[in-house]
Engineer: 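One structure coming up, written as structure tokens, with questions to follow.
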Amino acid sequence: MSDLRATRIEKAEQLRELGKNPYEYRWESTATAAALQEKYADLENGQEVEVEVAIAGRIMNRRVFGKLAFFTLQDETGTIQLFLDKKKIQANMGEADEKAFNNLKNLTDAGDIIGVKGSVRRTDKGELSISAAEYLILTKSLLPLPDKWHGLTDVEKRYRQRYVDMIVNPEVRTTFRRRAKITAAIRRYLDERDFIEIETPVLQTEAGGAAAKPFVTYHNATEMQMYLRIATELHLKRLIVGGFEKVFELGRIFRNEGVSTRHNPEFTSIEIYQAYADYDDMMALTEAITVYAAEDVLGTLEIEYQGEKINLQAPWKRITMHDAVKEATGVDFAAFESLDEAKAAAQEAGIHGVAEMPSIGKILNEAFEQKVEENLIQPTFIIDYPVEISPLAKPHRSKPGLVERFELFIVGRETANSFSELTDPVDQRQRLEAQAAAKAAGDEEANDVDEDFLTALEYGMPPTGGLGIGIDRLAMLLTDSPSIRDVIAFPLLRSEKAMQNEPTEEA
RNA sequence: GGGUUGCUAGCUCAGCGGUAGAGCACUCGGCUUUUAACCGAUUGGUCCUGGGUUCGAAUCCCAGGCGACCCA
């Protein structure tokens, strides 16, 4: 199907022969489509305003008559019609180009990018338009746009060729504009409170700070195997040791895991650490940041997600993991003396896959994931986790066996995770060594001991509250997007070409 | 990992064992108030790939590829 393309290359060539550059250098606009639509909303049909405006954008649609043409022009803000009258264009451009109007008819296509100068007028039929006096073709497009009516709906194509998706589905651009506003709002909020953003390494010799399988890579010059970070936690804590009291990093994290509507192997988190604070402070901060971002982006705290009404008004519900599980299953895991007792009760309550679990804490967590998580629609802090699943959190000040940790759930999804950070280097070493042992025993989500991190802790870290927020999931919530791929501009997809060169160590 | 499902023209889709189709887009002709412009004519295909069954396969079967949704 190179016919269309060949025709357009030929048109570009014709433009060159006419002394025009089909790939121009610059254009100065004085207006945008949306601003004009707003400013002249009350202009009556058939009325023209004698102002000169300059605008540029992509031709989305062409309706061409013998001596008159209507183009739909799209810029980043929206669309506006071009009213192209042969007489007017020839009167203005005719001296230099006697075929100016015909060239517009014959050498432009839907998809081309064009600059236009003219006056503002509302046509007899009521469409606000720019009545063109002159135009300049800025970029000749060689490929046809998708069907002007049905657009681009093939999901795979939309992801693989997101630029086309963005051209023809304006709501996609709205989503990414909103996502940018979310991250900007969060940074502004933190900046105003004297948090500073410090960039920590993506390439690391030890992956740590989370339970996840890392991507492995190799640095030639130092002959080191390296990992892409799975969290920013351990380096941000080093900064706290170093004397910073309020730090954060909003950036990309990599986990070598599957793809789903909630997971992409690279995603964005923000981790925030505040010295002399604890997880109660972090709960308040989580609420404040989310509320601030929602108000900035949506102007309201009463939002709708996939048809469900969500109220972000703080304070949010807080409930311990034990109580949440007890409410849902009737089982009180705090009451068990032995692992077997807990397993039996869990199985009785219809919780699957607990037979091999090594601790009551893991069973509790499993019960939570199976019976509670998906029902946490309104923002809810689940607090006080078992120590077994929280190797970086400080022991609870009053509840043995638990740590001071919370996770935030909204629309059934974990959206934030936070602790009073563990600052005892001896305790921390024991817990990391247990993780390393688990890795040695085959747990792919466990990682080795980061000795340098422990050294840092031994120099002394102040009491610290830490918080991680999943930016993609927050963006999904605030853009009403059902899939994480909708809020990632270029989500990971398998290569279209079958790859034969993948190394698999699986036997 | 399992289940369901999709892949046909640039786009959106129909065809489901008997000569590969429609609308839009493209090309050509006509047209000064259209907005899915209209009227007329034309053009356009690795039916995802590879095997198999059959006189005959886009269609049925097997394997694979790339997606989507659901489940553990």
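These numbers were taken from a predicted model, which means no experiment stands behind them. Chain identifiers are assigned alphabetically (A, B, ...) following the order of the sequence lines, protein sequences preceding nucleic acid strands; residue numbering begins at 1 within each chain.
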Engineer: Are any of K148(A)'s side-chain N or O atoms less than 4.0 Å away from OP1 or OP2 of A25(B)?
Structural biologist: yes

Engineer: Would you kindly check whether a donor in the side chain of R8(A) faces an acceptor in the base of U27(B), or vice versa, at under 3.5 angstrom?
Structural biologist: no

Engineer: Give one of base, sugar-phosphate or nothing for V168(A), where a contact means two heavy atoms less than 4.0 Å apart.
Structural biologist: nothing

Engineer: Does a nitrogen or oxygen in the side chain of T7(A) sit under 4.0 Å from OP1 or OP2 of C26(B)?
Structural biologist: no

Engineer: Go through the steps to decide whether L73(A) and I55(A) satisfy the test side-chain contact (heavy atoms from CB on, under 4.5 Å), and finish with yes or no.
Structural biologist: CA-CA 9 Å; L73(A) 188 80; I55(A) 196 166; 3.7 Å; yes

Engineer: Within the pair R494(A) and G67(B), is there a side-chain N or O less than 4.0 Å away from OP1 or OP2?
Structural biologist: yes

Engineer: With a cut-off of less than 4.0 Å, is there a side-chain N or O of R160(A) near OP1 or OP2 of G67(B)?
Structural biologist: yes

Engineer: Would you indicate, yes or no, if A37(B) has its OP1 or OP2 atom less than 4.0 angstrom from a side-chain nitrogen or oxygen of N61(A)?
Structural biologist: yes

Engineer: Please tell me if R485(A) has a side-chain N or O lying less than 4.0 Å from either OP1 or OP2 of A68(B).
Structural biologist: yes

Engineer: Taking only residues two or more places apart in sequence, or in another chain, which ones meet D480(A) in a salt bridge (charged side-chain N to carboxylate O under 4.0 Å, His left out)?
Structural biologist: none

Engineer: From the set C66(B), C26(B), U32(B), return the single nucleotide nearest to any side-chain atom of L4(A).
Structural biologist: C26(B)

Engineer: Can you tell which of F70(A), F71(A), Y135(A) makes a ring pair (Phe, Tyr, Trp, His ring centres under 6.0 Å) with F83(A)?
Structural biologist: F70(A)

Engineer: Has K87(A) got a side-chain N or O lying under 4.0 Å from the OP1 or OP2 atom of U32(B)?
Structural biologist: no

Engineer: Establish, with yes or no, whether the OP1 or OP2 oxygen of C31(B) is under 4.0 angstrom from a side-chain nitrogen or oxygen of K105(A).
Structural biologist: no

Engineer: Looking at K140(A) and D109(A), is there a salt bridge between them, counting it only when a charged N and a carboxylate O are closer than 4.0 Å?
Structural biologist: yes

